[in-house]
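Every number for a ligand or one of its atoms is a count from 1 in the order of the listing. Along the sequence shown, residues are numbered consecutively beginning with 1.
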Amino acid sequence: MELRTVASTASTNADMLALASQGAGEGLWLRAVEQTAGRGRLGRAWVSPPGNLYASTIVRLRLGDPGPATLALVASVALDETLRAYGAEPWIKWPNDLYIGDAKLTGILLERSGDAVVVGIGVNLAHHPEGLDRAVTSLAGRGLGAPDPELFLRDLADAFARWLGVWRGGLEPVRRRWLERAHPVGTALSVRLPEQAPIEGLFDGLDSEGALRLRLASGAVQVIHAGDVFLI
Ligand code: BTN
């Protein structure tokens with residue numbers, strides 16, 4: 001395992017994609033003290049001043065690996081486990097956001113290039129952005145201290161390596177842990193897809209690719225691969 005730190009960069013995901021194209025292998029983590037153009041899911045920005053964790057790693061897909069999108073589950077269960085060691089009790093919102101109460105604590109962004117999947121993780125340790133259209137929080141904001149991002153990353157990298165090993169042996173244990181930590185099956189959800197009216201339904205678990213199964217009022221199940229999910 002190798003943990004590299006840079007003081008400032010645009011986006012550790014962008015850097016890791018570049019490193020991937022130069023042949024970087026698994027086990028490498030890149031952390032930035034701050035990002036000037038942090039990327040979020042669905043084209044959003046991830047505001048990244050010093051104090052929080054901004055880090056990315058790479059997974060090289062192998063023959064027989066579970067579907068690459070299910071690395072979102074690996075990252076979220078590893079992050080959940082790490083946060084619990086710091087006293088937090090988060091829950092997971094599909095696909096890979098960790099919340100404390102009704103406020104988002106972490107973000108995970110997967111980006112793929114060929115056989116490389118870059119897994120980028122942002123954790124609000126010391127502070128969280130203000131003035132967003134949704135509730136957000138940080139460990140410090142919840143009275144759980146502000147861990148040193150470097151130390152937190154060491155623990156996270158260990159947990160990620162362990163869960164990646166589990167995943168390579170089969171998705172089921174990862175999926176089981178994810179489901180234990182997520183909103184229960186039957187939870188009413190509203191899903192926003194780009195340029196469409198929101199779809200409402202009941203959480204019906206995950207498919208084999210980690211996609212969201214949403215049971216509609218008609219009884220039909222709609223499978224959702226990307227979207228913004230709200231509990232209603
Ligand atoms: C989300 O929108 O919830 C995902 C946010 C992912 C942010 C992390 S911070 C480290 C890595 N580099 C980026 O540019 N984005 C991810």
What is the nearest protein non-hydrogen atom to [atom], stated with its residue, atom name and distance?
atom	result
atom 3 (O) of ligand 1	K104 NZ, 2.5 Å
atom 15 (N) of ligand 1	R39 O, 2.7 Å
atom 2 (O) of ligand 1	R41 N, 2.6 Å

Minimum heavy-atom distance between [X] and [Y], given as atom pair plus value:
X	Y	value
S190	E200	CB-CG, 4.1 Å
I58	A24	CD1-O, 3.5 Å
L30	D15	CD2-CB, 3.4 Å
A55	W29	CB-CE3, 4.0 Å
L110	V119	CD1-CG1, 4.1 Å
K104	T106	CE-O, 3.4 Å

[X] heavy atoms, cut-off 4.0 Å: which ligand 1 atoms fall inside?
X	value
S11	12 (N), 13 (C), 14 (O)
G38	14 (O)
A55	10 (C)
G122	8 (C), 9 (S)
D97	3 (O)
T12	10 (C), 11 (C), 12 (N)

Side chain to side chain contact (heavy atoms under 4.5 Å, CB included) between L202 and L189, intermediate numbers included
CA-CA 6 Å; L202 302 181; L189 301 177; over 6 Å; no

Looking at D97, D102, D228, which hits salt bridge (charged side-chain N to carboxylate O under 4.0 Å, His left out) with R134?
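Option passing the salt bridge (charged side-chain N to carboxylate O under 4.0 Å, His left out) with R134: D228.
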
Contact partition for T106 relative to ligand 1, non-hydrogen atoms under 4.0 Å
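Near ligand 1, T106 shows nothing, with every heavy atom at 4.0 Å or more.
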
Can you find an N/O atom of [X] closer than 3.5 Å to an N/O atom of ligand 1?
X	result
W46	no
Y54	no
Q35	yes

Output field: ring centroids W94/F203 closer than 6.0 Å:
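Distance test on ring centres: not under 6.0 Å, no.
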
